[in-house]
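Heads up, the thing below is written out as structure tokens.
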Amino acid sequence: MTTPLQVTTARLRIPVTERDHVRGPADAPVTIVEYGDFQCRFCGAAYPNLAEVLRQRADVVRLAYRHFPITNVHPYAESAAEAAEAAGERGRFWEMHDWLYEHQDQLDPVHLSLGVEQLGLPPEEVGAEVGRQAHADRVRQDFVGGIRSGVNGTPTLFVNDVRHDGGYELAELLAVVDAAANA
Amino acid sequence: MSDPNGLITPGQVAPGFTLPASPDGREVGPGQFRGRPVVLAFYPADWTPVCGDQMALYQAALPELERYDAVLLGISVDSVDSHRAFAESRGIRFPLLADFEPKGEVSRRYGAYAPRGQSDRALVVIDPDGRVAWSHLSPPEVNPGVDGILDALEQLGTDRRVGAR
């Protein structure tokens, strides 16, 4: 007797709430939840495509971003995620998120601090919060919720709670969003 | 095709073994951890070229497995030397076991060996008494993630608390 191969369709177990960082209309019929790692180049490649999906389907889709740093492979991913949370406490999560994905080769402490300053945030305060890991619990909660939902690498997207197991090209993402909107 | 006898199933006694493991080649096997759940993660090969690498993910998720007092052992037919270099490059600190000589012998005993000459991508959770509690076979190209393991460990904890009453 052979064992059948087992592939389960993973579903999001942690619903999107007001604690999430969400970009796009609150009443959008389609919600994409991204589990991402700021140092992952595949996330970096998906970033402009997701931005374009939000632009082209502005009334249809919203994006929630959750942290999934694989720190043993990406040594700057954790501090980048915590810096984004520090910015988020100051109402600037998405600006920091965008800066990080647009400067993936500049996530070391010196450049990160310059980026924080560029955004008009206080680099010393943010640096101190990252230094004492003030936002580590939040990042860890995202990560743990991710693995319980079947996140198996980055980026992992859930489209209306169903894991998207395809690619991250713009055309494919638009098709997936349109299918979910018409479901 | 996978092993014609199929992957080992829940309730069976987990075959005992030791294999040389990263980083230093010492012999490691599930019998050394009796009293704790042991997770065996069979995988086809070191050096898969993706960020979503299963063993790298498992290192990141290890603290969650350890909340269940579980031990995680990775197993492939790669040599200890390959395992050591791979583990260093991905920051993997749990043991990677070399099912290298005779090639694939342990994987075969668990029904987790593919005729192409690699271990299957298969997960086996062994309970603290040495019986298989859960097993899962993935397509070789699909990283099964950690959720199934955590569900199995959680179930194991629940069953044992009920059983202890």
Side-chain angles (χ1 to χ4, degrees), chain A residues 1-14 34-47 67-78 81 104 136-137 139-158 163-168, chain B residues 1-10 42 48-65 67 86-94 110-115 120-124 134-151 153-154:
Chain A
M1 180 197 77
T2 56
T3 309
L5 295 174
Q6 295 157 289
V7 186
T8 47
T9 307
R11 293 187 68 91
L12 189 70
R13 291 200 201 176
I14 315 292
E34 175 183 11
Y35 281 91
D37 171 324
F38 289 113
Q39 209 183 340
C40 161
R41 63 195 168 95
F42 299 101
C43 299
Y47 160 73
H67 302 289
F68 201 82
I70 300 185
T71 54
N72 41 301
V73 183
H74 299 139
Y76 298 132
E78 175 71 24
Q104 279 193 302
D137 283 351
V139 172
R140 192 73 201 166
Q141 284 164 18
D142 277 2
F143 180 88
V144 172
I147 57 177
R148 295 312 296 248
S149 294
V151 174
N152 58 3
T154 55
T156 291
L157 305 182
F158 292 84
R163 192 175 70 192
H164 169 66
D165 287 336
Y168 309 101
Chain B
M1 261 341 265
S2 302
D3 189 290
N5 296 313
L7 179 63
I8 196 165
T9 51
F42 294 92
T48 47
V50 290
C51 270
D53 176 82
Q54 187 187 359
M55 294 303 118
L57 171 70
Y58 284 12
Q59 176 62 46
L62 191 56
E64 298 313 308
L65 272 59
R67 281 158 46 97
F86 176 61
E88 275 175 18
S89 84
R90 305 290 160 99
I92 293 167
R93 291 183 295 277
F94 62 87
Y110 277 78
Y113 191 73
D120 283 318
R121 204 176 285 282
L123 299 170
V124 178
W134 178 78
S135 65
H136 178 98
L137 181 65
S138 292
E141 73 282 5
V142 174
N143 175 350
V146 191
D147 49 318
I149 297 171
L150 290 173
D151 288 347
L153 291 172
E154 196 168 270

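Protein chains get the first letters and strands the later ones, always in sequence-line order, with residue 1 at the start of each. Keep in mind it's a predicted model, so treat the numbers as computed, not measured.
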For the candidates [options], which exhibits the highest count of non-hydrogen atom pairs separated by less than 4.5 Å from chain A?
options	result
Pro63(B), Ser138(B), Pro139(B)	Pro139(B)
Asp151(B), Val142(B), Ile149(B)	Asp151(B)
Val146(B), Asp147(B), Ile92(B)	Asp147(B)

> Hey, what's the ring geometry for His164(A) with Tyr168(A), parallel, tilted or perpendicular (30° and 60° as the breaks)?
Replying inline: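 The rings of His164(A) and Tyr168(A) stand perpendicular, inter-plane angle above 60°.
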
>> We want to know whether Gln59(B) and Arg90(B) form a side-chain donor-acceptor pair, criterion being a heavy-atom distance below 3.5 angstrom.
In response: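 Distance-only check fails for Gln59(B) and Arg90(B).
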
> Side chain, backbone, both or neither: which part of Glu88(B) has a heavy atom under 4.5 Å from chain A?
Replying inline: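 For Glu88(B), neither part sits under 4.5 Å from chain A.
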
> How about Arg13(A): does its CZ atom have over 12 heavy atoms from other parts shown lying under 6.0 Å from it?
Replying inline: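 Enclosed.
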
> Taking Phe68(A) as the fixed residue, which of Phe143(A), Phe42(A), Phe38(A) is the one that meets the ring pair (Phe, Tyr, Trp, His ring centres under 6.0 Å) rule?
Replying inline: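 With Phe68(A) as partner, ring pair (Phe, Tyr, Trp, His ring centres under 6.0 Å) holds for just one option, Phe143(A).
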
